[in-house]
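Inspection log for the structure reproduced underneath, given as structure tokens.
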Amino acid sequence: MTDTLDAAPQTLDEIPREPTQDGPKVRLYLVDGSGFIFRAFHALPPLTRKSDGLPVGAVQGFCNMLWKLLVDMKASDDAPTHLAVVFDHSEQTFRNKLYDKYKAHRPPPPEDLRPQFPLVRDATRAFGVPCLELPGYEADDLIAAYACKVRDFGGEVVIVSSDKDLMQLVGPQVTMLDTMKNVRIGPEQVVEKFGVPPDKVVDVQALCGDSVDNVPGAPGIGIKTASALILEYGDLDTLLSRAHEIKQDKRRQTLIDFADQVRLSRELVRLDCDTPLPSPIDELAVEDPDPQVLADFLELMEFRTLARRVVEARGGAAPTATPAPAETKGPQVPQHAAIDVTTYQCVRDVETLDAWIARARAAGIVAFDTETDALSSASAELCGVSLAVAPGEACYIPVGHQDEAAGGLDFEEPADLAQIPCEEVIARLKPLLEDPAVLKVAQNAKYDMAVLSRYGIEVGPIDDTMLISFVLEAGLHKSHGMDELAKRWLDHEPISFKTVAGAGKAQKSFKHVPLSEATCYAAEDSDVTLRLYEHLRPRLAHEHLLTVYETLERPLPKVLVEMELAGVKVDPERLRQLSNDFAVRMGELEIEAHRLAGRPFNLGSPKQIGEVLYQEMGLATGKTTGTGATSTDASVLEDLAAQGHELPRTLLDWRQLSKLKGTYTDNLVAAISPRTGRVHTSFSLAAATTGRLASSDPNLQNIPVRTEEGRKIRKAFIAEPGHVLISADYSQIELRLLAHIGDIPQLKQAFKDGLDIHAMTASEMFGVPVEGMPAETRRRAKAINFGIVYGISAFGLANQLSIPREEAGAYIKTYFDRFPGIRTYMDRMIQQVRSQAFVTTIFGRKVHIPAARGKSQAERSFADRAAINAPIQGAAADVIRRAMVRMPDALRAEGLTARMLLQVHDELVFEAPEAEAEAVIAVAKRVMESAPEPAVALSVPLVVEARAAANWDDAH
DNA sequence: TCGACGCGC
DNA sequence: TGGGATGCGCGTCGAT
């Protein structure tokens, strides 16, 4: 191989495996990754990836720096034997326990920077360099710990950073390197900066403090004074104990008054050399990057210049052929051996468990899945956890398996069910599942996160194969469940749950499934998940959907878990009373209906209603259902009632009550969790192709609101004592987005002027002034506005407004004449869906509409309407998702304890202490109205209306 | 398991 | 030509 990287003085074989052994001296380069990201972000002009607008400036700066370092290193006399990039883990460290204001004023990282954090770690790995990070510690502490260790073994350390906080580590064997300014920092440079040698830097920093990190220090003392004092008295303790000797009155008093604060400051700035090392030093040995992995990464990031440099440095020619178009090439997918469930391991002792955890850490990635004894994550108990560290390398860790209650004539030998105690498993898995340096992968991560959060584990960082599939192929498949994905991509049919647990009446809880079978089933799920991840994840970047995934999907499971676990309080007494009331009135209506029909019949059966109305009473409207049966739906019954018939009205009234009672009152009471006394819905992220969420078990997105009777149910949604419910909803969000997307000047102006949009539409269409406009005129315009969003036809509008079809057709024609931009928008979408079979939202979400390739005209018409609607409905869904992602932090930043409980497509419902109501409304409005920014600058304002009240109906 | 119906946005 | 003729969900019920 002529790879120039091989020309480095040491090859892998010569690198000592143990730094303690005799042999070539260790020379460790530690790159301050976190410091570098921020520096690159602020120093370099903003750069976005051309294909999809993903901000990548800091990643590019980082890659250039790392590449330059690797090249320079080889040429230099002090080339490293070992190398790692060190990252901060979380905002909470032991320093926050010492001093709660430590780094408290730090604003959250800029929005453009956040998606780049994981990418920089990807970059590091692509260059074949280990990433180091540790929960509860800053990068500086890890750097200190490694530096001390290597130094004590007689090795050398080069810290690639310009952070002054690291200068305390400089010494004969430890230097710093500022690659951006290309300067070395040794003891001399430290004296230049602090006026004292490195071993006194901590004392000086303790005295002068640091406003950026919120280290208090002593007021009025800066570097000059501090270093002079330390030089005079020798060290900080001596200075403080002899503070009374200081001549200057003010300075003397300051040091006496603030002695404790200075000592605390010293603890905050002193780096901890005893920080545990996440990886042994010999695992940091310099290795050449895998050329293919690196090339693939640079290609994905579209760093063409750097990619060319890397190829040239290797001695190869720069690629001359133009790469194939992105859509046709497809990313590389690794090939693996077929799935074999007999190879999985059942983990039943801690040594084996620890070995699996170590393998996961070494791999830096682990797929996992939780097995539970129930479907609802809010109540499910853990039965076990499976892990996969590589394709085919998976295990199952049972924790709650039991013998089935031995009853009757069961003489079978009791199975060996020895398992590691649940608490032990949780305690050992927690650090792994929370480790920022280990990526977790799950299928439908929300479920596992909800289950594990009740065991005190906050899983992260995490990728979700279901959401990746959804981003790539929403609309192409009805479900993105694992079994379907496995069949589609791995050509493999996983063991079904039914096979191991049985079905129907005979179904048993997973905890009663024998361990051997449970292991095959559970471990296979993790194995499949990991393989799916390897298959699907590369496509995100390749198909320019990484930003959609990172911003609109990946952050949401965590947010939704919090909402689902919070639940919403309902008043069971009120609902029971309503239910009784409904039942009584239904009984009366039923008697009345039987009397009118002349015989008893089932009011709940459309078929029997048809017999009574159409055959026996001879009524007719002619409307039929899809299967040819005569329809009895509400619009038909309304027509018949309008003709003066009594029975249809009775049926309509009965149906309304039946619906309310059957769907809402009774079931909501049944849905109250005995554990929390609240109702916990489940939100689905991958249900509606447009990106809307869906709610189920129970569905809290279709609680009645339109009728007086229905609103009684809404009134049963209440807040805890001393709290209020707050409802914040977007006003006309879909029409506003249509105005923006379709670029409709009159609509945009009307929204900017805050006009009544339906009245303005009516005025524009019918040429009547808004003032004194008849209500009916406005109603018609409103129906048209909504119809347009849904791709309505003249027939549909005629039905909606009960007007002749010709008249409806004329309205639509007038509408298009007045707002020609809308016709243009519709035609554009129809053309796009017919040529590509998908449309996109302004945020980049892709909605596939395969019916556009359908055989029948009906199918294609359907596709046309979906194509008109999807970019609007989808953009609205994207907007509220963005608001939801930011909401918890925004509330917390204002010191508010309010919680987000529900999302109803254009509405968010919160629960807050009464005293917080106003502040919460302000935050909710701000976050929701600015949600599109900075990704999209809308040409219309978004307006959110919010109210607080004791129940949902009054708040809405 | 399916279709009809009806609740929401 | 002419049938079918507003988007996206979920839950209940009766009929099969």
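Here is how names work: the chains are called A, B, and so on, in the same order as the sequence lines, proteins then strands, and each is numbered from 1. Treat the numbers as computed from the prediction; the structure is a model and nothing was measured. Both backbone and side-chain heavy atoms feed into the values below; hydrogens, waters and symmetry mates do not.
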- Query: Counting side-chain heavy atoms from CB outward, which of C/dG4, B/dC9, B/dC7 is closest to A/Arg805?
  - Reply: C/dG4
- Task: Compute whether any side-chain donor of one residue and acceptor of the other, for A/Ser696 and A/Ser682, lie under 3.5 angstrom apart.
- Result: no
- Message: Looking at A/Arg678 and A/Glu911, is there a salt bridge between them, counting it only when a charged N and a carboxylate O are closer than 4.0 Å?
- Response: yes
- Does a side chain donor of either A/Tyr815 or A/Asn785 reach within less than 3.5 Å of an acceptor in the other side chain? yes
- What nucleotide, of C/dC8, C/dG3, B/dC9, holds the atom closest to the side chain of A/Gln857? C/dG3
- Query: Counting side-chain heavy atoms from CB outward, which of C/dA5, C/dC8, C/dG11 is closest to A/Ala866?
  - Reply: C/dC8
- Message: Mind checking if A/Gly604 touches a base, just sugar-phosphate, or nothing, with heavy atoms under 4.0 Å?
- Response: sugar-phosphate
- Give A/Arg706 one of three labels, base, sugar-phosphate or nothing, depending on what nucleic acid heavy atoms sit under 4.0 Å from its own. base
- Item | Separation between the P atoms of B/dC5 and C/dA5, rounded to whole Å | 14 Å
- Counting side-chain heavy atoms from CB outward, which of B/dG8, C/dC10, C/dC8 is closest to A/Asn699? C/dC10
- C/dG2 and B/dG6, which share atom name P, separated by this distance in whole Å: 32 Å
- Message: Can you tell me which nucleotide in B/dG8, B/dC5, C/dT6 comes closest to the side chain of A/Arg865?
- Response: C/dT6
- Task: Answer with base, sugar-phosphate or nothing: what part of the nucleic acid does A/Phe862 contact at a heavy-atom distance below 4.0 Å?
- Result: sugar-phosphate
- For the pair A/Arg845 and A/Glu553, find out whether any cationic side-chain nitrogen is under 4.0 Å from an anionic carboxylate oxygen. yes
- Query: Counting side-chain heavy atoms from CB outward, which of C/dG9, C/dT12, B/dC9 is closest to A/Thr663?
  - Reply: C/dT12
- Item | N-O pairing of A/Arg779 and A/Glu776 below 4.0 Å | yes
- Query: Quick one: which of B/dG6, C/dT6, B/dG8 gets closest to the side chain of A/Ala634?
  - Reply: B/dG6
- Message: What is the separation between atom CG on A/Leu738 and atom C1' on C/dG7, rounded to the nearest whole Å?
- Response: 13 Å
- Task: Figure out the CG/P separation between A/Leu652 and B/dG6, and round it to whole Å.
- Result: 8 Å
- To the side chain of A/Ala687, which of C/dT16, B/dC9, C/dG9 is closest? C/dG9
- Checking all strands, does A/Asp729 fall into the base, sugar-phosphate, or nothing category for heavy-atom contacts under 4.0 angstrom? nothing
- Whole Å only: how far is the CD1 atom of A/Ile792 from the C1' atom of C/dT6? 5 Å
- Expressed in angstrom and rounded to an integer, what is the separation of A/Lys478 atom NZ from C/dG9 atom P? 9 Å
- Message: Any side-chain N or O of A/Lys607 below 4.0 angstrom from OP1/OP2 of C/dT16?
- Response: yes
- Item | Short side-chain N/O contact from A/Ser631 to OP1 or OP2 of B/dA4, under 4.0 Å | no
